[in-house]
Amino acid sequence: MKMLRFLLLILLFILHFSHFTKGKKPITSSSSSSTDLVSTSCFHASYPNICIKTLSSYNYVINTPTDLAKAAVNVSFSRAKKASNFLIKLKLQSKREKGALIDCIEQIGDSIDELRKALSELKHLHKGNGFKLQMSNLETWVSAALTNEDTCLDGFKEINGKVRYDVKRKITNVAKVTSNALYLINQLDVRS
């Protein structure tokens with residue numbers, strides 16, 4: 001009887017454990033180290049939860065701080081493009097809204113260009129001669145992208161209603177991931 005209870009208890013444990021692990025990917029050493037790098041690197045970012053969430057689900061392997069910075073800039077770039085598409089599709093009524101929207105579209109377009117330059121630079125980042133200049137360029141471009149995003153929001157301060165809310169929500173999302181990207185780029189400079 002004791003043996004039957006013991007086997008039943010083991011069976012229940014196995015069933016319970018398999019229920020909670022069903023559909024989850026097994027943790028490998030590379031995915032575990034990637035997750036650790038993301039968690040430790042994002043800990044002091046401006047928006048740590050967003051940083052961890054966006055970079056933990058990133059589709060490419062992240063093995064180094066440079067990979068992490070590339071991923072963060074890529075996330076920012078992708079979100080800026082989506083925000084730009086959203087802005088372009090907005091239908092506005094008032095002159096004031098249309099003026100703010102035109103300015104915002106231009107600012108986000110500039111952000112996309114700055115982030116594109118940063119991505120290109122990150123692909124060719126190397127320690128040694130020229131590293132400080134590359135880091136300066138990266139910090140300048142990503143900072144400019146963040147400033148453009150903030151400037152876009154400034155244009156909607158005097159506008160009330162759903163349009164302001166929708167634009168603010170989209171652009172704030174882009175600004176948060178861009179701020180995190182800037183933080184992770186700055187960490188590359190610290191680690192050199």
Side-chain angles (χ1 to χ4, degrees), residues 34 37-90 100-127 130-157 164-192:
S34 177
L37 177 63
V38 169
S39 296
T40 57
S41 298
C42 288
F43 186 75
H44 292 293
S46 302
Y47 304 95
N49 291 337
I50 292 170
C51 184
I52 291 168
K53 182 180 175 186
T54 57
L55 297 176
S56 293
S57 62
Y58 193 70
N59 289 332
Y60 298 98
V61 177
I62 298 173
N63 290 321
T64 67
T66 303
D67 292 341
L68 191 62
K70 282 182 209 173
V73 173
N74 204 24
V75 166
S76 181
F77 177 75
S78 174
R79 294 212 177 166
K81 285 179 20 180
K82 287 179 184 174
S84 178
N85 290 336
F86 167 80
L87 294 170
I88 290 167
K89 292 176 185 175
L90 274 179
L101 180 63
I102 288 167
D103 290 344
C104 188
I105 290 170
E106 184 179 329
Q107 295 295 324
I108 297 302
D110 290 346
S111 285
I112 291 168
D113 290 341
E114 302 292 349
L115 293 167
R116 185 179 290 120
K117 290 178 200 172
L119 277 173
S120 178
E121 191 78 11
L122 279 165
K123 290 177 184 173
H124 303 98
L125 189 65
H126 54 35
K127 301 287 183 186
F131 179 75
K132 289 291 184 191
L133 177 61
Q134 286 180 302
M135 288 305 301
S136 177
N137 287 340
L138 285 166
E139 291 163 353
T140 299
W141 292 326
V142 178
S143 292
L146 188 55
T147 300
N148 289 330
E149 293 153 10
D150 289 340
T151 302
C152 165
L153 289 175
D154 288 344
F156 284 88
K157 279 187 179 176
R164 177 182 176 187
Y165 172 79
D166 289 344
V167 170
K168 183 176 181 180
R169 184 176 46 85
K170 285 283 188 190
I171 303 305
T172 299
N173 179 286
V174 177
K176 286 178 179 180
V177 293
T178 304
S179 179
N180 286 340
L182 181 59
Y183 170 78
L184 293 169
I185 286 170
N186 286 331
Q187 294 307 298
L188 295 176
D189 206 12
V190 170
R191 295 175 187 206
S192 64

Could you pull out the closest heavy-atom pair between [X] and [Y], with the gap in Å?
| X | Y | answer |
| --- | --- | --- |
| His124 | Gln134 | O-NE2, 2.9 Å |
| Ala80 | Leu115 | CB-CD1, 4.2 Å |
| Leu87 | Cys104 | CD1-SG, 3.6 Å |
| Cys42 | Pro48 | O-CB, 3.2 Å |
| Leu182 | Glu139 | CD1-O, 3.9 Å |

State whether the side chain of [X] and the backbone N or O of [Y] hold a donor-acceptor pair below 3.5 Å, judged by distance alone.
| X | Y | result |
| --- | --- | --- |
| Ser136 | Lys132 | no |
| Thr151 | Thr147 | yes |
| Ser179 | Ala175 | no |

Please name all residues satisfying salt bridge (charged side-chain N to carboxylate O under 4.0 Å, His left out) with Lys89, sequence neighbours left out, ordered by chain then number.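 Partners of Lys89 by the salt bridge (charged side-chain N to carboxylate O under 4.0 Å, His left out) criterion come out as none, since no residue qualifies.
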According to salt bridge (charged side-chain N to carboxylate O under 4.0 Å, His left out), who are the partners of Asp113, at least two apart in sequence or on a separate chain?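 So Asp113 forms a salt bridge (charged side-chain N to carboxylate O under 4.0 Å, His left out) with Arg116.
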Minimum side-chain heavy-atom gap [X]-[Y] below 4.5 Å:
| X | Y | result |
| --- | --- | --- |
| Val167 | Leu90 | yes |
| Ser111 | Thr178 | no |
| Asp154 | Asp103 | no |
| Leu184 | Pro65 | no |
| Lys82 | Lys170 | no |
| Lys157 | Leu153 | no |
| Leu138 | Val73 | no |
| Asn186 | Tyr183 | no |

Would Asn63 and Leu37 count as a side-chain contact (heavy atoms from CB on, under 4.5 Å) here? Give the steps. CA-CA 8 Å; Asn63 290 321; Leu37 177 63; 6.0 Å; no
Is there a side-chain contact (heavy atoms from CB on, under 4.5 Å) between Glu121 and Trp141 once you walk through the steps? CA-CA 10 Å; Glu121 191 78 11; Trp141 292 326; 3.7 Å; yes
To the nearest 0.5 Å, what is the distance between [atom1] ([X]) and [atom2] ([Y])?
| X | Y | atom1 | atom2 | value |
| --- | --- | --- | --- | --- |
| Leu119 | Ser76 | CG | OG | 8.5 Å |
| Arg169 | Phe86 | CZ | CZ | 6.0 Å |
| Thr64 | Leu188 | OG1 | CG | 8.0 Å |
| Arg79 | Thr54 | CZ | OG1 | 6.0 Å |
| Ile171 | Asp166 | CD1 | CG | 11.0 Å |
| Asp110 | Glu149 | CG | CD | 11.0 Å |

CA sep, side-chain torsions, deciding dist, call: Leu68, Gln187, side-chain contact (heavy atoms from CB on, under 4.5 Å): CA-CA 10 Å; Leu68 191 62; Gln187 294 307 298; over 6 Å; no
Decide side-chain contact (heavy atoms from CB on, under 4.5 Å) for Asn148 and Ile108; before the verdict, give the C-alpha distance in whole Å, the side-chain angles of both, and the deciding distance to 0.1 Å. CA-CA 6 Å; Asn148 289 330; Ile108 297 302; 5.9 Å; no
For Lys117, is the NZ atom crowded, meaning more than 12 foreign heavy atoms sit under 6.0 Å from it?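 Result for NZ/Lys117: enclosed.
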